Structures are given as C-alpha cells and as structure tokens.
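The model shown is predicted, which means the values in this text are computed figures rather than measured ones. Starting from 1, each residue takes its place in the sequence as its number. Start at 1 and go down the list; that is how both ligands and their atoms are numbered.
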Amino acid sequence: MDAGRDLNEFFQFSRALVQQRKEQPGDDYPSKLLEIRGGNDEVLTENEIICLVFGIMLAGHEAVTAAMGNIFHALLEQPGNWARLVDNPALIPSAVEEGLRFNSGMFNWRRRATEDVVLGGVTVPKDAKILVSLGSANRDDRHFADPHTFDPTRANVREHLAFGSGIHVCIGAPLARFQMVTLLEALVREFPRMTLIPNQTPNWIRTICPRGLTTLLAYPNGVAHA
Ligand code: HEM
C-alpha cells in the first residue's frame, strides 16, 4: 500500500509538471513533447506525455541511484578497491562497467515471447511473459572468468547485460555512464581515504527489478578522521 501511494504521488507530480510546462513552456523534454503534440491526440495524448515523463524520470533516477550505491558498496567493501582507483583514476570507467556487471542496478527485466522459442532446451511459447535475470547472466562463468570477483581490469569488462540488449536496450546508458564516471572521479579525488562504517547491515530494497541499497554509510575521510 505504501509503495502504491508513493507511485501515485510520483505520477501526480509528473502530471503537475506537464501541466506547468503547458502553461509556461521551457527548454526541456515535457515542453518538447507538448510542442510535438501540437494539441493533436492523434500524435500524442496528454496522458501519453505524462506517462513518458513519468517513465523517463523513474528510469533515469532509480536505476542510476541503485547502480551507484552498488558500485560504492563493491569498491568500499573489499579492501584495496578504492585505493586502486585513487592510485589510478584512469581505471574509473572500467570500474563503472565492472560495477554494473558485478551488481547491476536493474537485476531482472521483463520480456514477452513474440514466437515460440527454445532456450536451454526449454520451449518458451509465443506470448509467454518472461522475467530475464540480467544479474544472473552477468555472473555467468561461461562468459566471465571468476565472475564473483570484482575486477575492473578484466578483458571483457564491457560485455555485461546491465543495460539490456536488442531494440529496447537502455536509451539512457550513455548518460548513466557519464553520471557514474563523473561522480566517482569527483569522490575518488576529494575523498581518497573513504572507508565504510563498520558493522552496518546492508539493506537491499525489496523489489524484483531494481536492486539497490536504501543506505550505505561511509567515513569520507577515513576512520581516523571521522
Ligand atoms: C545505471 C543506470 C541504468 C541501468 C542499469 C538501466 C537499465 C535498463 C534496462 C535493463 C533496460 C531494459 C532494456 C531492455 O529491454 O533490453 C532499460 C531501458 C530503458 N532505460 Fe535504462 N538504465 C539505467 C539508466 C537510465 C537512464 C539514466 C535513463 C534516462 C534518463 C534510462 C532510460 C531508459 C528507457 C527510456 C528505457 C526503455 C527503452 C526502450 O524500451 O526502448 N535508463 N534500462
């Protein structure tokens, strides 16, 4: 019930945003969609615009937040990973890719079979709804050597499925990569001694698709300076 209420509140926020841009257009996505619509329901309805704005804000915010927390967790939990980036910041883009593989922000994703298909000896019938475990594929030891180890120097570090695959592959992947690399570069530079606060129990959000932490506590300047 709480989740439903939150989701509805967020939808109402998106509706109000579109209404506000209708009255005062700006240089942004909802204003552009309204301009394309030109008052014509045949092109786009107002409700479709609200849904698009709702979808992109959710996709853009939730997945990056989850993925970023997961990367910090991987980097700070295992001793040496953070220091490795401090010593060699050029490794940061690969660390972001490895973080996405190691613990993707979007753990599972939906698919519907458009025709009968045989996968791993199992026939998936046309129209079947499937939950694809991207997180599991990203730890497949037939594709990634030593898959449970976080290693930004692995040769095939970019070959993960964290952003999906095919015609609906994540449209925001370049933006997500840019945000994550920028944030990591700034924090590695500013807080080279960052350490996790010990004895905290990671609290993973209880959903099927996004996988992220609700909190992750760290001493920005290391234990001695906390
Ligand atoms: C680390 C961050 C992100 C992760 C892990 C992620 C993951 C995904 C995944 C797994 C899909 C489904 C792909 C498929 O069906 O094959 C997807 C689709 C999508 N993502 Fe992302 N995403 C992230 C960031 C973003 C950002 C920043 C935006 C936009 C600002 C965004 C917008 C979208 C949209 C619009 C789709 C639907 C694309 C379509 O159906 O054609 N995502 N994302």
Side-chain angles (χ1 to χ4, degrees), residues 7 10-11 13-14 17-18 21 26-33 36 44 47-76 85 92-115 117 119 124 127-140 143-144 147 150 152 156-188 204-214 216:
L7 209 60
F10 187 42
F11 192 81
F13 172 83
S14 310
L17 182 74
V18 172
R21 294 301 195 273
D27 180 19
D28 57 19
Y29 184 57
S31 309
K32 191 77 199 162
L33 290 175
I36 292 168
L44 271 174
N47 200 48
E48 281 168 338
I49 295 184
I50 296 165
C51 290
L52 283 168
V53 168
F54 171 85
I56 205 140
M57 286 198 295
L58 198 61
H61 165 71
E62 180 87 19
V64 181
T65 308
M68 209 59 238
N70 293 345
I71 289 189
F72 280 118
H73 188 245
L75 286 173
L76 296 170
L85 298 188
I92 288 175
S94 303
V96 164
E97 297 304 324
E98 178 65 347
L100 287 164
R101 182 200 70 82
F102 189 70
N103 207 346
S104 46
M106 226 21 105
F107 200 81
N108 296 309
W109 201 248
R110 305 174 301 265
R111 278 286 186 277
R112 186 174 57 81
T114 53
E115 56 188 59
V117 58
L119 278 178
V124 179
D127 285 333
K129 292 179 177 170
I130 310 157
L131 194 69
V132 181
S133 181
L134 303 170
S136 174
N138 285 340
R139 300 262 187 134
D140 186 343
H143 196 79
F144 296 104
F150 181 94
N156 57 352
V157 75
R158 277 180 79 99
E159 289 176 13
H160 57 74
L161 291 178
F163 292 118
S165 168
I167 194 168
H168 286 289
V169 70
C170 177
I171 201 172
L175 176 63
R177 286 185 160 116
F178 175 72
Q179 290 180 88
M180 293 167 80
V181 169
T182 306
L183 179 60
L184 211 48
E185 280 175 350
L187 291 183
V188 161
W204 304 95
I205 46 172
R206 293 165 63 196
T207 56
I208 292 177
C209 291
R211 176 170 164 80
L213 292 157
T214 51
L216 185 66

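- Residue, atom and distance of the protein heavy atom nearest to atom 32 (C) of ligand 1 are Ala59 CB, 3.5 Å.
- Each of the following atoms of ligand 1 lies closer than 4.0 Å to a heavy atom of Leu134: 10 (C).
- If you take CG on Leu213 and CH2 on Trp204, they are separated by 4.0 Å, rounding to the nearest 0.5 Å.
- Ranking protein heavy atoms by distance to atom 28 (C) of ligand 1, first place goes to Gly172 CA, 3.5 Å.
- Of the protein's heavy atoms, His168 O, 4.5 Å lies nearest to atom 37 (C) of ligand 1.
- Annotation for ligand 1: atoms under 4.0 Å from non-hydrogen atoms of Val64 are 2 (C), 27 (C).
- Val53 approaches Ser14 most closely through the heavy-atom pair CG1-CB, 4.5 Å.
- Heavy-atom neighbours of Ile171 CD1 from other residues, nucleotides or ligands within 6.0 Å: at or below the threshold of 12.
- The residue among Gly60, Ala63, Ala66 with a heavy atom at the shortest distance from atom 3 (C) of ligand 1 is Ala63.
- Ring planes of Phe10 and Phe13: parallel class, angle under 30° (limits at 30 and 60°).
- How far CD1 of Ile71 is from CD1 of Ile92: 10.5 Å, rounded to the nearest 0.5 Å.
- Of the candidates Ala162, Cys170, Gly164, it is Cys170 that places a heavy atom closest to atom 21 (Fe) of ligand 1.
- At most 12 non-hydrogen atoms from other residues, nucleotides or ligands lie less than 6.0 angstrom from NE2 of His61.
- Interface atoms of ligand 1 facing Ile171, defined by a heavy-atom separation under 4.0 Å, are 32 (C), 33 (C), 34 (C), 35 (C).
- Among all non-hydrogen protein atoms, the one lying nearest atom 6 (C) of ligand 1 is Phe163 CD2, 3.7 Å.
- Looking at atom 12 (C) of ligand 1, its nearest protein heavy atom turns out to be Trp109 NE1, 3.1 Å.
- Among Ala176, Gly166, Gly105, the residue whose heavy atom lies nearest to atom 24 (C) of ligand 1 is Ala176.
- For the residue pair Phe72 and Leu216, the shortest heavy atom distance occurs at CB-CD2, 3.7 Å.
- Inclusion of Gln179 in the set of residues having an N or O under 3.5 Å from an N or O of ligand 1 is not warranted.
- A donor-acceptor contact closer than 3.5 angstrom is absent between the side chains of Asn70 and Arg211.
- Counting atoms of ligand 1 from 1 in the listed order, those under 4.0 Å from a heavy atom of Arg111 are 14 (C), 15 (O), 16 (O).
- Of the charged side-chain nitrogens involved, none lies within less than 4.0 Å of a carboxylate oxygen, so that Arg101 and Glu159 do not count as a salt-bridged pair.
- If you number the atoms of ligand 1 from 1 as listed, the ones under 4.0 Å from a heavy atom of Ala67 come out as 1 (C).
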